[in-house]
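Single-structure report; data block below.
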Amino acid sequence: MSLAAAGATADITPDSPLQLGGYVARETAFTAVADKLEANVLWLTGPKGRAAFVTTDLLYPGAPLRARLKELLGLGDDELFLAASHTHFAPMTSPGMRALGVPDAAYIERTAQRIAAAARSLAERMTPAQALFTSGVAAHAINRRLICWRLTRSGLTHGAGLGPNPGGDNDERITALRFTDAGGKTFALLWNYACHPTDFPGRLQVSADFPGVVRAKLRAIYGDVPVLFLQGFSGDTRPPFAGRKPGLRGLIFRTLLGPQFRNPGRAEWQGWADSLAARVAGIFASDAKVLPLDGPHAARVTAPEETLGRGGDGSKPLTWHSVDCGGFRVIGVNAEPVTAYRGLVEQRFVDKPLLTAGCIDQTHGYLPVDRMLPEGGYEVEGFRAYFEYRTRFAPGVQDAALAPLFKVP
């Protein structure tokens, strides 16, 4: 049985200066809007259920926004799949991580109202739909978890730190779905890629980062349609702007900490983003497979915080959200999983194309795999203070994290 579907877009660009989320020490409000922020909605409904996919140009959606959208739209917990692109150049909407930004209640309410209005407009536009599936390789990101000798507060140590690691884990796959009506007209696009949107050159400017550039490219081809982006499992990947930082400060950093990333100039970043956009557009234009649509069958399962390690108070469980749409499945988690989790999840869900998303709902922190624990690094320990995350991961964390998800049919 085919699904009916429709898509919509909401402008969620802030209309007053606010603090941006995603970096420490940005205590002042943004100074300019480089490009607008959006929420894009894809609503699927069928005889067996319904699901609303909402992707936002935010760092993390946050519990307040999720709760308000459920209330405004009358959706059950399983029915709302809420994800963020993870741009570091949008107002903070996720509470409980003050070092990364403090949410503004008025902005959250305005954002919820605009998304809800866009979603409500879909009732009269639902149409029998088909999904066209394509995939390809991007080659635009790099692993950022570098194991080397470095000088720390504990002295000279050999372990993990942030630095370019061309030989490290990296998921360069792009998964693309184009939704068309019975007449073959495209009404929504959905794509999935794992790369931190951290490098837009204007640190005090609002920007959707590279997902916005890709979105503009796709709309130039397919018209003014909703473009949903799912940030993949990118906890240890980012854009590949590495190299020698200039001056004495750069020399000191390289000597003490090893190879470093650097901030790109605007022209360099734009060239990289345009190249990625062209690659994504090429993948959408390649030979597609028509996927059968059914369901949707949605499920949310939780790994209690205490199963992942010790020291937490139980208030930050790991939640997985799975939506099986017949011909494809989307799986999200309220964490920033490292790239290796993509392969682990694929081992269980092998029957159909899979799209994976970190940074859904109220994201609580990073999710490393077992082999990373003795190495330390940001994904294991360094993030905890910024996220106010007390749990210290214990051996067996990956099995504990995946156990509830692997019970999903």
Side-chain angles (χ1 to χ4, degrees), residues 12-14 16-31 34 37 39 55-67 82-108 111 144-145 161-162 194-211 231 233-239 261 263 305 311-313 315-319 332-338 357-368 377-393:
I12 61 170
T13 310
S16 60
L18 297 172
Q19 182 187 39
L20 302 179
Y23 286 112
V24 246
R26 279 194 300 185
E27 298 178 357
T28 59
F30 70 82
T31 58
L37 305 181
T55 63
T56 59
D57 291 333
L58 298 169
L59 185 71
Y60 312 112
L65 179 59
R66 178 176 177 80
L82 179 60
S85 67
H86 197 48
T87 178
H88 288 48
F89 306 92
M92 191 68 165
T93 55
S94 189
M97 45 190 84
R98 289 161 292 183
L100 297 180
V102 178
D104 179 84
Y107 176 71
I108 293 174
T111 297
R144 68 176 196 177
R145 183 177 166 84
L162 296 177
C195 181
H196 259 78
T198 56
D199 278 29
F200 180 74
R203 288 300 176 98
L204 286 177
Q205 296 180 14
V206 170
S207 175
D209 204 292
F210 71 79
Q231 179 60 251
F233 293 170
S234 61
D236 52 353
T237 63
R238 54 156 289 165
F261 288 105
N263 298 326
E305 186 180 357
D313 60 6
S315 65
K316 297 185 175 183
L318 186 74
T319 299
V333 64
N334 67 334
E336 293 192 51
V338 296
C359 304
I360 73 167
D361 303 342
Q362 176 70 35
T363 298
H364 294 312
Y366 279 69
L367 185 61
Y378 186 79
E379 301 81 5
V380 176
E381 287 288 340
F383 80 91
R384 294 172 64 251
Y386 301 119
F387 287 76
E388 301 176 30
Y389 189 80
R390 296 182 178 86
T391 294
R392 292 187 179 276
F393 296 118

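Excluded from the calculations below are hydrogen atoms, water molecules and symmetry mates; all remaining heavy atoms, backbone and side chain alike, are included. If you're wondering where the values come from, they're calculated on a predicted model, not measured in any experiment.
- Applying the salt bridge (Lys or Arg N to Asp or Glu O under 4.0 Å) criterion to Glu381, with sequence neighbours excluded, gives Arg384, Arg392.
- Applying the side chain to side chain donor-acceptor pair (under 3.5 Å) rule to Thr198 yields no partners; only residues at least two apart in sequence or on another chain are considered.
- The shortest side-chain heavy-atom distance between Thr56 and Thr111 does not fall under the 4.5 Å cut-off.
- Among residues two or more places apart in sequence or in another chain, the side chain to side chain donor-acceptor pair (under 3.5 Å) test is passed with Arg66 by Asp77, Asp361.
- Residues Tyr366 and Gly235 come closest through the heavy atom pair CE2-O, 3.3 Å.
- A donor-acceptor pair under 3.5 Å is formed between the side chain of Glu305 and the backbone N or O of Lys316.
- For Gln362, the side-chain contact (heavy atoms from CB on, under 4.5 Å) partners at least two apart in sequence or on another chain are Ala63, Pro64, Ser94, Pro95, Met97, His364.
- Listed by first and then second residue, the side chain to side chain donor-acceptor pair (under 3.5 Å) pairs involving residues 82-92 are His86-His196, His86-Glu336 (not counting sequence neighbours).
- With sequence neighbours left out, Arg390 forms a side-chain contact (heavy atoms from CB on, under 4.5 Å) with Asp313.
- Arg145 meets the side chain to side chain donor-acceptor pair (under 3.5 Å) test with Glu375, Glu379; sequence neighbours excluded.
- The salt bridge (Lys or Arg N to Asp or Glu O under 4.0 Å) check on Arg203 picks up nothing, with sequence neighbours excluded.
- Under the 4.5 Å side-chain criterion, counting only non-hydrogen atoms from C-beta, Arg98 is in contact with Glu388.
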Side chain to side chain contact (heavy atoms under 4.5 Å, CB included), that's the test. Do Phe233 and Leu367 meet it? Break it down for me. CA-CA 10 Å; Phe233 293 170; Leu367 185 61; over 6 Å; no
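- A search for side-chain contact (heavy atoms from CB on, under 4.5 Å) contacts involving Pro14 returns Leu18, Phe30, Leu37, Pro91, Tyr107, Val206, not counting sequence neighbours.
- Distance check: Thr391 OG1 to Leu318 CG gives 11.0 Å after rounding to the nearest 0.5 Å.
- Between Tyr378 and Phe383, the ring-plane angle classifies as perpendicular under the 30° and 60° cut-offs.
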Before giving the answer on side chain to side chain contact (heavy atoms under 4.5 Å, CB included), spell out for Tyr23 and Phe89 the whole-Å C-alpha distance, their side-chain angles and the decisive distance to 0.1 Å. CA-CA 9 Å; Tyr23 286 112; Phe89 306 92; 4.1 Å; yes
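- The shortest distance between side-chain heavy atoms of Gln231 and Pro211 does not fall below 4.5 Å.
- Between the Thr31 side chain and the Leu204 main chain, a donor and an acceptor come within less than 3.5 Å of each other.
- Taking the side chain to side chain donor-acceptor pair (under 3.5 Å) definition, one finds that Asp199 meets it with Arg238, sequence neighbours left out.
- Contacts of Pro201 classified as side-chain contact (heavy atoms from CB on, under 4.5 Å), with partners at least two apart in sequence or in another chain: Arg266, Trp269.
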